[in-house]
**Q** 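This is the structure I have questions about; it appears just below.
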Amino acid sequence: MSAQATASHIGTTAPASNLLLAMDGVTVDFDGFKALNGFSLTLDRGTLRVLIGPNGAGKSTLCDTIIGRVRATSGRVIFKDQDITHLPEHEIVRRGICRKFQTPGVLPGLSVVDNLMIAAKRDRRWWSSFRHGVAAEEKARVADILETIGLADRAAAPAGQLAHGEKQWLEIGMVVATRADLLLLDEPTAGMGPAETSQTATLIRRLVGQHTVLVIDHDMSFLEQLDARVTVMHQGQFLKEGSVAAIRADADVAAVYLGRAKENTHHV
Amino acid sequence: MDMSMRKETPLSGGLAGVTLGRPMALTLPVVVLAALAPWLVSAYELNLLARFLAMALLAMGLVLVWGQGGVLSLGQGVFFGLGGYAIAMHMKLAALADGDLPDFMVWSGLDALPWWWVPFKSPLVAILGVVLVPGALAALFSWAVFRRRVGGVYFALITQALALAFATLLISQQPSTGGFNGLTDFQTVMGLELGTPAAAHGLYWLTLALVVGVFVALRALMASRYGLLLRAIRDGENRIRFLGYDPTPFKVVAFTIGAVLAGLAGALFTLHAGVVSPALVGVVPSIEMVIWVAVGGRNSLAGAIAGTLAVNLAKDGVSSAFPDLWLYALGLVFVLVVTLLPGGLAGLVADAGATGWGKRLKTLIIGEAK
């Protein structure tokens, strides 16, 4: 049980059984540029966490590292007490982590319902794709998600024809449909207006509990609506963690944002 | 090509119903007409038709590989050739008494049959070899390449190199392959006297039956969840990977099916043409195969058959009248199709179906068929 030992070694305050994800001193080195620099993070089951930081802080690289798109130069990613640092991407997803990409990653040529059906399929091994029929449970889940993301009347439309915000929701729906324990949502409100952003916040809050959710976003009003614990990253390292209000009032955080780029001032 | 949409709106897809939605109205008369061809056309024309239908098997495979899977292969000639040589080797050996060597080996000074020729004496090995040799090679090759996430134009170039290497190997190993001239001068196959009308008709019907069978089977495969995932991988391989699927085996299966069909096509073509040679399997023929499918429509099985027939009929006409012009004409057709008709003939038919005239034409055709 070395994985258990690792969990306690990281020193989380929660009991080990409640711990879902632990990043242990992860460094990602792109030819000398450290996108992540000894970064550690733990997420408990059923919680919501927001990750912010100036451009280039390493937020997307963090998601990429968890999901296996980018490999850690050193350090480990522990998920459900197992080391997933070097697993193939699809194997990591099958363990229960799914990611929404920054630019919507829906399949434009497929209908909305087919996008969700592919995501909802439990048995994702290639030979099972020759079997006929769809499990009633998968169908029900897809119908349920279509309602939740408000696309029930667009089910037959090609995903490529959806508006930008609808594509974002569809991809969130796909990520949820996989039944992943951990959802990584990279800028889920990019390109959305205030009304859509608010709906997205409601949607995400409903997911928490059944899923653990890690959200990356910049939009301060969105963060306030999510009302979750916030982790601030800076130059690939941990900077601060706290409530939205505490982070907003924090002098170090303000310095990082103001010092980095003036155009970010309206965000935080 | 979204087929679930087609099913829900069968009337709005125009003549696309011919290719995917409701095939019986037009397909049945066409198949019946094709089955009657031995009494409708001359022996020479029947032989041409038989060759082209054999090639259509390969073309339908390319619909799966290229159209649905997005994997452009410029090396289908290799698999076509493997199928063709497998059956040709058997026919050379079947015509010999025990211990004798094929004529070209004697002329090249060989005194024993090369070891890899020996099993093809058996008709069963030859028939299995037609599908298993191309299939196994394709599965191993594509697995090795797709696993390394090599795709797109790099994959196309690798397959083209494969075609070049294969043709060069055949030519350079003249004593055991027949070299530039290939293998020809066959007498019998499975007890059938080649060159007789009975053999010609039988082989034609066999080819037609395989075309129909493969058409039906591939249509079902494309409509299955496997087909859906193959198209999904074509459109967003990373998204599919990050939904927990491994794209590699899906693409390997498509490429292998394409190669098996190419091998089958090569064997049947060899039976109809009475020859297999490096000139039929190299870089230029492999590109021509892609052009048949581009012209017909790379997402349409019926389009692939039509494109194969159309391009090869044109080739027969142009190259007998102006032998030097064919490659220029083919290149021109390819450029025109790619720039003006990305959906090929099938796309043209589907577009026409969307206009008023096309709808009237469709009612007319389907009404008559009923």
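To find a chain, count down the sequence lines: A is the first, B the second, and so on, and within it residues start at 1.
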**Q** So which part of A:R95 gets closer than 4.5 Å to some heavy atom of chain B, the side chain, the backbone, both or neither?
**A**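 When you check distances to chain B, no heavy atom of A:R95 falls under 4.5 Å.
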
**Q** Among A:M174, A:H90, A:R99, which residue forms the greatest number of heavy-atom pairs with chain B at distances under 4.5 Å?
**A**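 Sorted descending by pairs with chain B, the first entry is A:H90.
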
**Q** I'd like to know whether B:V252 forms a side chain to side chain contact (heavy atoms under 4.5 Å, CB included) with A:W126, so could you lay out the CA-CA distance, the side-chain angles of the two residues, the decisive distance to 0.1 Å, and finally the verdict.
**A** CA-CA 10 Å; B:V252 168; A:W126 64 272; over 6 Å; no

**Q** Looking only at heavy atoms and a cut-off of under 4.5 Å, which of A:I67, A:I92, A:T178, A:V175 has the most pairs with chain B?
**A**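 Ranked by contacts with chain B, first place is A:I67.
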
**Q** Are the side chain of A:R94 and the backbone N or O of B:G244 linked by a donor-acceptor pair below 3.5 Å?
**A**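 Yes; judged by distance alone, with no hydrogens or angles, the pair exists.
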
**Q** Please indicate whether A:R206 has more than 12 foreign heavy atoms, meaning atoms of other residues, nucleotides or ligands, lying under 6.0 Å from its CZ.
**A**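 Incorrect, the count does not exceed 12.
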
**Q** Can you say whether A:L107 sits under 4.5 Å from chain B via the side chain, the backbone, both, or neither, judging by heavy atoms?
**A**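 Only the side chain of A:L107 comes within 4.5 Å of chain B.
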
**Q** Pick whichever of B:N238, B:I240, B:L228 has the most heavy-atom pairs under 4.5 Å with chain A.
**A**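 Result: the option with the highest number of such pairs is B:L228.
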
**Q** Tell me if a side-chain donor or acceptor on B:R231 pairs with a main-chain N or O of A:L110 at a distance below 3.5 Å.
**A**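 No: the side chain of B:R231 does not pair with the backbone of A:L110.
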
**Q** Between A:E171 and B:R239, is any pair of side-chain heavy atoms under 4.5 Å apart?
**A**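 They are in side-chain contact.
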
**Q** Measuring from atom CG of B:D246 to atom CZ of A:R125, what distance do you get when rounded to the nearest 0.5 angstrom?
**A**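 Output value for this atom pair is 13.0 Å.
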
**Q** Please give me the minimum heavy-atom distance between A:S129 and B:F250, naming the atom from each residue.
**A**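 In this case the closest contact between A:S129 and B:F250 is OG-CE2, 3.6 Å.
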
**Q** Check step by step if side chain to side chain contact (heavy atoms under 4.5 Å, CB included) holds for B:L221 and A:F130.
**A** CA-CA 8 Å; B:L221 187 66; A:F130 296 108; 3.6 Å; yes

**Q** Could you work out, with side-chain hydrogen bond (donor to acceptor under 3.5 Å, both in side chains) as the rule, every residue matching B:T308, not counting sequence neighbours?
**A**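 Checked B:T308 against side-chain hydrogen bond (donor to acceptor under 3.5 Å, both in side chains); zero matches.
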
**Q** Is atom CD of A:Q210 surrounded by more than 12 heavy atoms (other residues, nucleotides or ligands) closer than 6.0 Å?
**A**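 Atom CD in A:Q210 is not packed in, count stays at 12 or less.
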
